[in-house]
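Each chain gets a letter, A, B and so on, in the order the sequences are listed, and its residues count up from 1.
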2 protein chains.
Amino acid sequence: MVSIKDVARHAETSFKTVSRVINGDTRVRPATRERVNEAIQALGYRPHSGARMMRSARSNIIGFLSDRVTTQPHSGDILRGAQQMADAHGRLLLLFNIDAEAGDEHRRRAFELLMEQRVDGLLYACDYHRDVELPPEMQQLPAVLVNGFSTTTALPALVPDERLAAQQATRLLLAEGHRHIAFLAPNPRSVATPLRTAGFHDALIEAGLEPSSQAIITACVGTPGGEEEYRVESALAQLMSAATPPTAILCGQDRIALQLYLALARRGLTPGRDLAVVSFDDQQPISGALTPSLTTMALPHLEMGRQAMTLLLEGDPPPGTLTIPFSTTLGCSHRRV
Amino acid sequence: MVSIKDVARHAETSFKTVSRVINGDTRVRPATRERVNEAIQALGYRPHSGARMMRSARSNIIGFLSDRVTTQPHSGDILRGAQQMADAHGRLLLLFNIDAEAGDEHRRRAFELLMEQRVDGLLYACDYHRDVELPPEMQQLPAVLVNGFSTTTALPALVPDERLAAQQATRLLLAEGHRHIAFLAPNPRSVATPLRTAGFHDALIEAGLEPSSQAIITACVGTPGGEEEYRVESALAQLMSAATPPTAILCGQDRIALQLYLALARRGLTPGRDLAVVSFDDQQPISGALTPSLTTMALPHLEMGRQAMTLLLEGDPPPGTLTIPFSTTLGCSHRRV
DNA sequence: ATCGGCTGTGACAACGTTGTCACGCTACTC
DNA sequence: GAGTAGCGTGACAACGTTGTCACAGCCGAT
């Protein structure tokens, strides 16, 4: 491998001057600088990050520890956002993904390996919004938690603003004139569920409606096997047979919306025409394929990844949880009946 | 930061002996080894990868250059698989994701940055199965291409076996007794489309059927805007109004299957009961939410990631393209009418 | 003419680690 | 009892880079 000394020899100067050129030191005569740059080109010289690291005690590498990320579809957007901002700051991302099956000691080892690489900071990303128990040693370096929060550690954390999103989604339906809105709630064990329910309530109260008069049905439950089971067909049957059936349905997840689309189709009903539908998540494979197009609150995964990295690199992030708003993906499904 | 010399001082030995202990050299007296290990624990010593790198000219890091991976849902499984095997071999993954918007010079820079980190090898992952133009400098180090192939470079490559998968999927339907099978083909501009079509033909011929008598309809076309447009509703109408309507439909993509489910529901038809349906990809958000459960040929993304990394680390992979079989996700939708 | 400061350059040490070589000690062979 | 082999250990150099310091040459101010 060609080193800085080879370049110096080729450019007929000292290797120190080459170092200066590489690091943009202004105190190099233009002619010398030119010679050095030519030599670098000619020899295909690449600075050795290891040696740099040793001298400067910085690696320009950020560790990305992901807790089952990429298991859930599209949560990889966190990674993508983080990568974008890391790149913008001239950093690289060292990835370590912990699979669901892996135990705590695996996570500890992952952390250890990243530390050996002398990463300058750490992002810890969760696959879905949840409370995560972090090993205390994680406080040894600047770290930001993404898509999760930690009650045991005082780390800055970024989570999606579930409550606000639910409020916004409900407002969309209220603005279309709906007064009977049902909520098909996701898995009650999910952190997001009570928050989305609360946001639903917020909007109703704001509109002068009585939350208790609106139907909330749990449409997804976890099975003992860890799988999730959906009960949308029966929920819809229950809703439609009520004294005053809803004219709009807020789905707690795109998967629920998908099932609702199917259940409606079986009844000869079309979302956005016979019944308004709004959903959460904006999972592309679903939201991009449903017709009529689904109006859904898009999880800000990309944005969280970007902001987390920015926070880590620019800010001196205060401990505490920051909420990031969803964005609204407007389709036709929420339109006025 | 605590160094090897601090450990040596604490263990009352030379720093060289500490180095031996760390590197598992057997020629260290057990008592000494014990002392050293205690010192390492006590001081929280972590070897400095940069220094190691400099001495050994190896980084134990594999570069993962991804061409828009994580843009497509679930292609992140390639990353996950690669990570699994890298970990199993004691390597770390340095990620660089190139977004769709980015130009060629961005990719070149990404490569350059990975080289500066002295990665021991490189995985180049595509978001979907396609031909990819690679910069020639990529041949400077061991590299494997995943989910794509390169006609301009002689690199080992791994791609999903589209043709075989289509044949297997079709066989499933034939085994259920179907003799009239339609194929709703994906975007004709996709590399997978002709291969899946060929596999469909293979199975028909194998079963003594005349391919030309089976309907093939393109159900997805690219729009000038880069988006994809689905035409499943009209395709189904066309199929069902034919003289001999199909009793089974092979969908070229899960997204098509999703639309087919909806179109069938509108007609009061149920997949797996009134009409057999088999699909490709196994995109979790769709395949996990459709009822009746979808029978679909699962893209071997995880497996490709694993094998690519294994090839890179263990084998001396020969140039050329290797095909990896899909796995079959059995649902109810392919069942006998 | 002398001095002080600025500019461009280079010599040298240091970062933390591993490879090479050599040393002293023990245990075995003849 | 001398020679030899091997084991455990340490001294030292080297990896490629940057930080510190010094020096030579030039300029303008005194």
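- Checking C:dG16, D:dA13, D:dT18 against the side-chain heavy atoms of B:Ala51 singles out C:dG16 as nearest.
- The side chain of A:Thr32 places an N or O atom within less than 4.0 Å of a non-bridging phosphate oxygen (OP1 or OP2) of C:dT9.
- The phosphate of D:dG10 has OP1 or OP2 within less than 4.0 Å of a side-chain N or O from B:Thr13.
- Remark: of the listed residues B:Asn97, B:Ile98, B:Asp99, B:Asn97 is the sole one forming a side-chain contact (heavy atoms from CB on, under 4.5 Å) with A:Gln83.
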Pair B:His129, B:Leu299 - check side-chain contact (heavy atoms from CB on, under 4.5 Å), show working.
CA-CA 10 Å; B:His129 186 172; B:Leu299 273 169; over 6 Å; no

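- Among the candidates A:Thr153, A:Leu65, A:Leu155, the single residue satisfying the side-chain contact (heavy atoms from CB on, under 4.5 Å) test with A:Tyr124 is A:Leu65.
- Using a distance-only test at 3.5 Å, with no hydrogens or angles considered, a donor-acceptor pair links the side chain of A:Asn147 to the main chain of A:Cys126.
- For B:Arg55 and D:dA13, the CZ to P distance is 13 Å, given to the nearest whole Å.
- Side-chain N or O atoms of B:Arg58 include none that pairs as donor or acceptor with a backbone N or O of B:Ser56 at under 3.5 Å.
- Regarding A:Arg46, its CZ atom lies at a distance of 15 Å from the C1' atom of D:dG16, rounded to whole Å.
- Counting to the nearest Å, the C1' atom of D:dC15 and the OH atom of A:Tyr45 are 13 Å from each other.
- Note: CD (A:Glu116) to P (C:dT18) measures 11 Å, nearest angstrom.
- Considering only side-chain N and O atoms, B:Arg29 lies nowhere under 4.0 angstrom from the phosphate OP1 or OP2 of D:dC7.
- A donor N or O paired with an acceptor N or O is found under 3.5 Å between the base of C:dG10 and the side-chain atoms of A:Arg20.
- When each of B:Arg35 and A:Ile22 is assigned the nucleotide of DNA chain D with its nearest heavy atom, B:Arg35 is the one assigned upstream, toward the 5' end.
- For C:dT9, the OP1/OP2 oxygens have no side-chain nitrogen or oxygen of A:Ser14 closer than 4.0 Å.
- Regarding A:Lys5, its NZ atom lies at a distance of 19 Å from the P atom of C:dT9, rounded to whole Å.
- One atom, CG of B:Asn60, and another, C1' of C:dT17, lie 14 Å apart when rounded to the nearest Å.
- The phosphate of C:dT9 has neither OP1 nor OP2 within less than 4.0 Å of any side-chain N or O from A:Thr17.
- When the P atom of C:dT17 is taken as reference, atom NE2 of A:His48 falls 15 Å away, rounded to whole Å.
- The phosphate of D:dT18 (OP1 or OP2) has no side-chain N or O of A:Ser56 nearer than 4.0 angstrom.
- The distance between atom CZ of A:Arg27 and atom P of D:dA22, rounded to the nearest whole Å, is 15 Å.
- One can find a donor-acceptor pair under 3.5 Å joining the base of D:dG19 and the side-chain atoms of A:Lys16.
- Both A:Met1 and B:Asp25 sit near DNA chain D, but only B:Asp25 has its closest nucleotide nearer the 5' end.
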